[in-house]
Amino acid sequence: MARDESKYGLLIDYEYCTGCHTCEVACAQANDWPAGMAGMKVMEVVEAVPNDRAYLVYLPFPTELCIPCAHRTVEGKKPACVAHCMEACLKHGRIADLAVEMKNKPHMVLWAPR
Amino acid sequence: MAGGGLAHVEDGRLVKVEGDPDHPWNRGRLCARCLAMTQYTYNPRRLTQPLKRVGVRVEGKWAEISWDEAFDLIETRRGAIREVHGPESVIFGRGTGRDIGPWICLLAYAYGSPNVMFSLSGIACCSPRIAGVEVMQGDHCILDVAQWLPDRYDDPRYENPEGVAVWGYNIPASCPDNVFGHWIIDLMKRGSKIITLDRLPGFQTDSGLIEIFSSLREECGLDPLPDCLEPPFTPVSRPELLEEYPLILSTGRRSPVRFHSEHRMIPWLRQHDPDPVVEVHPEAAKRFEIADGEWVWRWRAMSPSMGC
């Protein structure tokens, strides 16, 4: 079945993620998750590249627990991770709109909830 | 907080802290430490009463006393020291807190002591940076990130800098130093280039790290480079220690959820950085046969501790 592009998703601009874990704590607070559980997890990716150098990138990744803050968005608020992201690198919106935005900038990931 | 926060209180209890979307500095953003504020406020290990030692120093036995009793005790003890040894015998030491300087100075001057000490000079932290720009420019300056304009970057008076020079400093991880650290990310998104000076060869000083020197001091006939006093515990001042203690560890690395031993009792933060970390140069690690991720014991001339 084709995904309804009018549905909401998250656009993750991982180029600017600094790995501060704010999204994870914001999620835990908004959704009453204890330490160790959250709807967002920041992945650290270290990739060896030529000339004895390494490439480090952080990727905020929505986990199975991400709902994505339905109780907040219904009130017109942003999901907790999006509202608090220190780098403002998370965006909540309609998948169709976010996909258009993705065309204009590299290093982005578009995530669709269940 | 490096910006505005909204504290939600229900029946006299803090239930949630969120970023204030109307605050021009953070515009709704708030760091992990602020967001975990309820876990600080109601932490079972949080001290809410002064403790007075009972028994001898190493026993670790304490009794709760009232604030009045604590203040009286401090006043009596400090008063006695001042009577016997004079107010100059007391040095008021301060740590890194950016906001503590004025208050500890007031306390010292009220006591009569001119001695206020900051314990971290000599490394690339806030005070040496401030001292550096004051010597160069006559005043302490900070990055212009439109923080004084209500509409911030959208204000027509503001011009995005083409480049921002950064050295000895990881701005997003060191938020308390002068600015809201992640403003640097805002600038990068708006096209500013970051110029890092850390890897450039420096002047021919001992360390090779001095990039910029004080032309003002030079014009006055003074040494334009800072002096270095050898601390008492180094391979230079105590070469015999090198055999038993062959590595020098410096502290101060910051993680976004931890700083030194701070924030470790907060479950939402501790999970991200649960263990103390020792970072060793790959060559030194090889020499001591330390593999990545292994636990190490580090023994220092003063006391032992552990990290991985």
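Letters A, B, ... mirror the listed sequences (proteins, then strands); counts begin at 1.
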Identify which part of B/E18 has an atom lying under 4.5 Å from any heavy atom of chain A, answering side chain, backbone, both or neither.
both
Which heavy atom of B/Y158 sits nearest a heavy atom of B/P161, and at what distance?
OH-CD, 3.3 Å
Can you tell me which of A/K78, A/K105, A/E24 forms the most heavy-atom pairs within a distance under 4.5 Å of chain B?
A/E24
Measure centre to centre between the rings of B/W268 and A/W33, then say whether the value is under 6.0 Å.
no
Beyond-backbone contact of B/H182 with A/E87, side-chain heavy atoms, under 4.5 angstrom:
yes
With a 4.5 Å heavy-atom cut-off (strictly below), which parts of residues 9-18 of chain A touch chain B? List them by number.
A/Y16, A/T18
A/E44 side chain near A/V57 side chain, heavy-atom distance below 4.5 Å
no
Just to verify, what does B/R13 make a side chain to side chain contact (heavy atoms under 4.5 Å, CB included) with, not counting sequence neighbours?
B/Y42
At a heavy-atom separation under 4.5 Å, does A/C20 approach chain B through its side chain, its backbone, both, or neither?
both
Residues 69-76 of chain A: residues contacting chain B (heavy atom under 4.5 Å, by number):
A/R72
Among B/R27, B/R152, B/R29, which one satisfies side chain to side chain donor-acceptor pair (under 3.5 Å) with B/D186?
B/R29
Applying side chain to side chain contact (heavy atoms under 4.5 Å, CB included), can you list everything that pairs with A/F61, at least two apart in sequence or on another chain?
A/M43
Can you confirm whether the side chains of B/Y153 and B/N160 place a donor and an acceptor under 3.5 Å from each other?
no
Any donor and acceptor pair, going by atom type alone, linking the side chain of A/D97 with main-chain N or O of A/G93 inside 3.5 Å?
no
Hey, what's the ring geometry for B/W25 with B/W183, parallel, tilted or perpendicular (30° and 60° as the breaks)?
perpendicular
Name the member of B/L35, B/I184, B/I185, B/V15 that forms the most heavy-atom pairs with chain A at distances under 4.5 Å.
B/L35
